[in-house]
2 protein chains.
Amino acid sequence: MEAAIVKEPETDHPCSENACAAGVSGIRDAVYVLNGKWKLPLIFTLTEGPKRFKDIQRSLGDITPKILSKELKELELNEFVVRTVYSTTPVTVIYELTPYSKSLKQVLHELRDWGINHRQRIVNSRKTKQ
Amino acid sequence: MEAAIVKEPETDHPCSENACAAGVSGIRDAVYVLNGKWKLPLIFTLTEGPKRFKDIQRSLGDITPKILSKELKELELNEFVVRTVYSTTPVTVIYELTPYSKSLKQVLHELRDWGINHRQRIVNSRKTKQ
DNA sequence: GATACCGGTATCCTTTGGGATAGTAATATC
DNA sequence: GATATTACTATCCCAAAGGATACCGGTATC
């Protein structure tokens with residue numbers, strides 16, 4: 001993982017509709033920072049409040065520590081998450097969302113609802129098929 | 001790509017908060033079907049109306065035909081996209097969104113806005129750093 | 001006859017994502 | 001003294017994602 005936080009701006013693709021390119025690259029930019037299997041679930045679970053490493057691991061179900069560690073570092077780099085160490089014994093490490101990542105609230109909300117609904121749709125369609 | 005359209009339901013992780021697990025797996029389910037670099041941009045570009053293979057390729061900027069073909073097939077399987085062949089000479093192939101995929105409208109809308117905003121934020125922060 | 005367009009395939013390759021497993025120091029608990 | 005917990009890191013490995021390049025048949029255009 002390099003220090004690069006955003007990829008370079010898209011080469012402007014010639015596009016007949018003006019709004020088109022802007023819309024597509026908006027989506028692409030979002031997908032670029034929120035890529036992978038874990039970032040959105042991870043951010044979502046932190047919307048419930050600050051959590052410790054192990055707690056996050058439990059919330060997410062089956063993420064390995066290596067992956068979780070990597071994801072958290074990327075989210076720190078991109079200023080979604082802040083990591084704080086408390087000198088208790090043993091040390092306590094707290095991860096919490098930055099104010100900026102609150103801007104993802106609507107996205108997460110919509111995505112969660114859609115996901116829940118989508119699963120239900122599949123379950124129903126399986127039932128009617130039998 | 002097998003016929004599997006959804007992964008099996010999450011093993012229920014024991015989770016103190018009730019809403020927690022549901023929220024996280026909602027997100028995970030959504031991410032599971034919308035994974036990768038291209039699916040969301042692809043669906044988004046089709047919200048502008050039905051398009052031909054080459055047109056989609058142009059809208060997306062730099063996707064190779066192999067990848068585009070694969071993504072379209074997956075979206076067909078998951079009932080987001082319908083492919084129609086017209087017997088013109090040469091044949092015309094039209095891809096368009098299903099009514100179901102219209103349910104992604106809010107998600108796409110939020111994500112696009114967020115992405116546009118996020119890029120602007122980065123650009124600004126680069127300026128102030130110089 | 002050469003070139004270009006359309007809707008893809010085929011082949012090859014590199015990168016990454018992500019999982020499995022083990023181990024670490026420091027402390028607390030039985 | 002053995003075991004558990006926390007917050008990780010290290011090592012190894014595999015599969016999937018995705019890109020580069022070339023090519024195909026059919027048609028239209030120059």
Side-chain angles (χ1 to χ4, degrees), chain A residues 1-2 4 7-8 10-11 13-14 16 28 31-42 45-46 50-78 81-96, chain B residues 1-4 7-8 10-11 13-14 28 31-42 45-46 50-78 81-96:
Chain A
M1 185 180 43
E2 324 85 84
K7 69 177 188 312
E8 291 308 305
E10 313 274 303
T11 61
H13 9 267
S16 37
R28 291 193 60 178
V31 169
Y32 184 77
V33 272
L34 301 172
N35 65 80
K37 183 174 172 180
W38 295 112
K39 289 213 183 54
L40 285 167
L42 182 37
T45 200
L46 287 178
K51 292 190 180 178
R52 306 174 62 173
F53 191 88
K54 275 284 177 189
D55 293 331
I56 298 172
Q57 215 183 334
R58 272 186 286 263
S59 311
L60 262 33
D62 52 0
I63 191 172
T64 62
K66 175 188 137 190
I67 304 293
L68 179 53
S69 173
K70 194 198 66 179
E71 299 290 313
L72 284 168
K73 277 174 189 159
E74 288 182 38
L75 291 179
E76 258 193 277
L77 254 179
N78 285 328
V81 163
V82 172
R83 178 181 185 266
T84 315
V85 183
Y86 295 96
S87 316
T88 53
T89 52
V91 294
T92 307
V93 182
I94 294 290
Y95 294 91
E96 61 191 314
Chain B
M1 184 179 45
E2 324 86 87
K7 69 177 185 312
E8 290 309 304
E10 313 273 304
T11 61
H13 9 267
R28 290 192 61 180
V31 169
Y32 184 77
V33 272
L34 301 172
N35 65 80
K37 183 175 172 181
W38 295 112
K39 289 209 183 54
L40 285 167
L42 182 37
T45 201
L46 287 178
K51 293 190 180 178
R52 307 175 62 171
F53 191 89
K54 275 286 178 191
D55 292 332
I56 298 172
Q57 213 182 337
R58 271 185 285 262
S59 311
L60 262 33
D62 52 1
I63 192 172
T64 62
K66 175 188 139 189
I67 304 292
L68 179 52
S69 174
K70 194 199 65 178
E71 298 290 314
L72 283 168
K73 277 174 189 161
E74 288 181 39
L75 291 179
E76 258 194 280
L77 254 179
N78 285 327
V81 163
V82 173
R83 178 181 187 267
T84 314
V85 183
Y86 295 96
S87 315
T88 52
T89 51
V91 294
T92 307
V93 182
I94 294 290
Y95 293 91
E96 62 190 313

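Scope of the values below: all heavy atoms of this structure, side chains included, with no hydrogens, waters or symmetry mates. Just so it is clear: chains get the letters A, B, ... in the order the sequence lines come, proteins before strands, and each one is counted from 1.
The side chain to side chain contact (heavy atoms under 4.5 Å, CB included) search around B:T84 returns B:V82, B:Y86, B:E96, not counting sequence neighbours. For the side chain to side chain contact (heavy atoms under 4.5 Å, CB included) test, residues two or more places apart in sequence or in another chain that qualify with A:K66 are A:T64. Every residue was checked against the side-chain hydrogen bond (donor to acceptor under 3.5 Å, both in side chains) condition with B:S87, not counting sequence neighbours, and none meets it. In terms of the side-chain hydrogen bond (donor to acceptor under 3.5 Å, both in side chains) criterion, residue partners of B:K39 (sequence neighbours excluded) are, by chain and number, B:N35, B:E71, B:E74. Residues passing the side chain to side chain contact (heavy atoms under 4.5 Å, CB included) test with B:R83, sequence neighbours excluded: B:E76, B:V85, B:V93, B:Y95. Take B:P65 and apply the side chain to side chain contact (heavy atoms under 4.5 Å, CB included) test, not counting sequence neighbours, and it matches B:F53, B:Q57.
B:E71 comes within 4.0 angstrom of sugar-phosphate atoms only, judged by non-hydrogen atoms across all strands, and of no base.
Side-chain atoms of B:R83 lie closest to C:dG8 of the nucleotides C:dG17, D:dG18, C:dG8. When the nucleotides D:dA17, C:dG8, C:dG18 are ranked by their closest atom to the side chain of A:W38, C:dG18 comes out on top. Across D:dC12, D:dG18, D:dT6, the shortest atom-to-atom separation from the side chain of A:K54 is found for D:dT6. The side chain of A:I67 sits closest to C:dG19 out of C:dT9, C:dG19, D:dT9. If you check D:dT11, C:dG8, D:dA7 against the side chain of A:F53, the one that comes closest is D:dA7.
Checking the phosphate oxygens (OP1, OP2) of C:dC6, no side-chain nitrogen or oxygen of B:R52 falls inside 4.0 Å. For C:dG7, neither phosphate oxygen OP1 nor OP2 lies less than 4.0 angstrom from any side-chain nitrogen or oxygen of B:S69. Between D:dT6 and A:Y95, no contact under 4.0 Å exists linking OP1 or OP2 to a side-chain N or O. For B:K66 and C:dC13, the shortest distance from a side-chain N or O to OP1 or OP2 is not below 4.0 Å.
Distance NZ (A:K70) to P (D:dT9): 13 Å, rounded to an integer number of Å. In this structure, B:Q57 places its CD atom 14 Å from C1' of D:dG18, rounding to the nearest Å.
Each end of the helix from C:dG1-D:dC30 to C:dC30-D:dG1 gets its own axis, taken as the rotation carrying the C1' atoms of four end pairs onto the next four within a five-pair window, and the two axes meet at 0° to the nearest 10 degrees.
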Open item on the list: What does the B/S/- profile of nucleotides 23-30 of chain C look like, 5' to 3', with a 4.0 Å heavy-atom cutoff to protein?
Closed with: ----SS--
